[in-house]
Amino acid sequence: MTDKPKIAFFDFAGCEGDQLQVANLEEKLLDLLEHVELVSFREVMTGHADDYDIAFVEGSITRPEDEERVRGIRARAKILVALGACAHIGGVNCMKNFMDEAVYREHVYGHKARSYPTGPARPVSAVVPVDAAVPGCPIDANEFLRVTKQLLLGMRPTLPEYPVCVECKMAGNVCRYERGGLCLGIITRGGCGACCVTEGAQCWGCRGLAPGANLDAARYVMQDRAGFSRTQVQDLMRMYLGHTTAPL
Amino acid sequence: MSAYTVHQGQLPGLFRLWAKLYKVHVPVQTAPGFYDFAPWEPDTEIAWDYDLTVNPLKRHLLPPREDLVVFDTRTYEARGVFQAPQQLLFGVHPYDLRAIAQLDQLMELGSPDRNYRRRRENTVIFALDPLRVAPDAFWSTLGAGRADIGFDLYWTKIGPAMFFVEVGTARGEELLLAAGEVERAGAAQHEAARRTREDTRRRADGHGLKFPWQELPRVMAKAWDAGIWREKSSMCLACGSCNLVCPTCYCFDMREELDESLGKGRRWRQWDACMLPAFAQVAGGHNFRGKHLDRYRHRYFRKGKYIFDLIGEPGCVGCGRCIKACTARIANPLAVFNRLWEEYA
């Protein structure tokens with residue numbers, strides 16, 4: 001029997017909610033741990049080792065020391081997986097990128113702002129190469145399991161490439177637009193089961209843009225057809241998609 | 001064909017009885033202006049006058065996600081999974097009946113789909129004549145306003161509390177008579193049902209194809225290079241909504257996943273859609289319908305020609321669900337077919 005792959009969890013700017021989703025897997029997590037050795041996961045264990053094969057990285061990169069640290073993780077890990085929206089696409093942290101740096105530093109650090117250098121929030125992939133991602137805010141625990149199992153089996157992890165609409169229709173929902181609402185499901189990568197719309201809310205785009213998302217059509221739907229203002233659309237698109245190249 | 005007259009007062013007893021034998025699904029209003037099929041409960045209010053349900057009935061025969069095989073990678077054992085609940089679909093409009101009849105034929109072609117067939121065998125269908133016509137509907141001009149096959153019973157509301165019920169199968173008749181005597185329909189009830197259908201048809205006929213649907217494949221055959229494909233598809237979100245709400249779209253994708261033991265797993269299918277870019281993607285990343293235009297055109301050729309060539313009728317029943325579901329307002333078989341008729345007839 002060969003050694004089990006060693007896995008480690010790391011967090012940057014974020015709420016650690018994605019690691020919480022992993023911890024909440026409970027028994028399934030224990031089953032998975034039959035196949036891996038956990039060397040670092042501060043939400044569930046003490047201790048840490050710098051010898052690991054798969055690094056799950058949560059949070060976005062925003063401070064100079066973050067960059068240095070994530071480069072170190074990249075150098076040690078054979079496989080680096082971005083865990084959750086902040087690591088995958090920058091997430092809500094990127095909202096600050098549209099504000100003046102002095103304003104948000106002052107807001108967070110008060111009169112000590114000068115002592116804490118911080119810059120634009122970015123996804124991990126903006127700093128180091130990322131091998132795979134588990135999208136979402138928070139992540140879908142079953143998707144984490146699937147991606148991890150695929151990695152353990154030597155497969156390339158797969159994510160749905162279709163927009164949220166597909167799973168929304170599978171769930172049998174009435175379209176948010178038919179009820180007079182705004183929704184980013186039309187351009188957001190599926191895989192979440194359209195959970196937010198199913199629960200009566202809307203899609204905020206936390207899983208990032210679907211590959212090939214037609215942003216011209218989306219703008220036509222949101223503004224010209226549904227009648228929302230450019231500001232309303234922009235605010236919604238900046239919530240999670242601030243780092244994308246989408247014309248915001 | 002025998003027919004009966006059923007009074008509203010007889011319904012609760014019948015439904016209670018059917019619900020013991022079947023999972024009964026009936027049309028209900030889910031929000032103002034929105035209808036859908038929902039499981040019947042003793043206090044369910046049936047939407048007798050619904051115009052269109054948000055979702056078609058295919059999910060009861062071809063669920064969005066369905067396990068097909070469970071396997072063990074250590075013992076190399078595999079076993080088919082068949083789930084086929086006893087179910088009764090009550091209140092199915094004729095265009096949806098036509099759609100199910102199409103699925104029945106298409107799922108039998110080539111290698112018969114055993115999972116579909118088992119579900120279908122355990123499904124009783126009670127049709128219902130529409131009293132209202134949805135704004136985007138054009139089923140009447142596609143000949144889907146009336147169905148002669150594919151139902152166990154066919155209900156027509158002929159009065160505030162009275163129904164004319166036509167028998168389609170022995171199973172249907174048995175279920176109708178299961179709670180006791182039911183009055184045979186007389187000439188007056190036959191006539192009332194005919195008038196009800198005429199009323200609906202008159203309203204439905206006003207909106208639809210400008211040409212006989214039999215001409216569709218001939219028109220489509222000339223329309224491969226039509227300008228409408230590029231014009232409409234540039235705004236396509238590639239979201240698959242038009243496919244997914246379509247009562248006759250049945251394409252699915254196959255997936256496999258191991259459980260956390262990494263020893264046991266299952267294979268399932270889930271709805272797929274030809275408007276999704278990955279639908280026609282094959283090994284090596286090649287995609288034989290990589291552009292919006294290719295996919296958009298393909299869907300209309302499926303509906304207007306390919307399915308027609310297989311079974312002799314269009315793969316569109318004119319329900320109008322895709323027109324409603326398309327947020328970019330480009331999905332519209334009626335508008336596309338009528339325009340192609342003008343350009344290529």
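Below, chains carry the letters A, B, ... as their sequence lines are ordered, and counting in each starts from 1. None of these values were measured; they are calculated from a predicted model.
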Legend entry - Charged N-O contact under 4.0 Å between E66(B) and R267(B): no
Inset, instruction - Determine whether the side chains of W229(B) and E231(B) contain a donor N or O and an acceptor N or O closer than 3.5 Å. - result: no
Inset, instruction - Specify whether F10(A) and H48(A) have parallel, tilted or perpendicular ring planes, treating 30° as the upper limit for parallel and 60° as the lower limit for perpendicular. - result: perpendicular
Legend entry - F144(A)/F56(A) aromatic ring centres below 6.0 Å: yes
Legend entry - SB check R118(B) D113(B) (cutoff 4.0 Å): no
Legend entry - Winner by heavy-atom pair count (cut-off under 4.5 Å) against chain B, out of L32(A), L30(A), L145(A): L145(A)
Legend entry - Side chain, backbone, both or neither of A273(B) within contact of chain A (heavy atoms, under 4.5 Å): neither
Legend entry - Part of D224(A) lying under 4.5 Å from any heavy atom of chain B: neither
Inset, instruction - Heavy atoms only, distances under 4.5 angstrom: which of P163(A), A218(A), P160(A), A213(A) has the most pairs with chain B? Name it, please. - result: P163(A)
Inset, instruction - Examine whether an atom of D272(B) lies under 4.5 Å from a heavy atom of chain A, and if so say whether it belongs to the side chain, the backbone or both; otherwise answer neither. - result: neither
Inset, instruction - Check the angle between the aromatic planes of H93(B) and Y95(B) and answer parallel, tilted or perpendicular using the 30° and 60° thresholds. - result: perpendicular
Legend entry - Options N55(B), N243(B), I330(B), V245(B), ranked by heavy-atom pairs under 4.5 Å with chain A, top entry: N55(B)
Legend entry - Which atoms of L276(B) approach chain A - backbone, side chain, both or neither, heavy atom under 4.5 Å: side chain
Inset, instruction - Select one option (side chain, backbone, both, neither) describing which atoms of R225(A) are under 4.5 Å from chain B's heavy atoms. - result: side chain
Inset, instruction - Go through the atoms of E161(A) and report whether side chain, backbone, both or neither lie under 4.5 Å from a heavy atom of chain B. - result: side chain
Legend entry - Which portion of L153(A) sits near chain B, non-hydrogen atoms under 4.5 angstrom: side chain
Inset, instruction - Identify which of A325(B), P277(B), S261(B) forms the greatest number of heavy-atom pairs closer than 4.5 Å to chain A. - result: S261(B)
Inset, instruction - Examine the side chains of T198(A) and N173(A) and answer whether a donor and an acceptor come within less than 3.5 Å of each other. - result: yes
Legend entry - Leading residue by heavy atom contact count with chain A [cutoff under 4.5 Å; candidates H292(B), R65(B), Q270(B), R59(B)]: R59(B)
Inset, instruction - Run through E37(A), R76(A), K6(A) and flag the one making a side-chain contact (heavy atoms from CB on, under 4.5 Å) with D53(A). - result: K6(A)
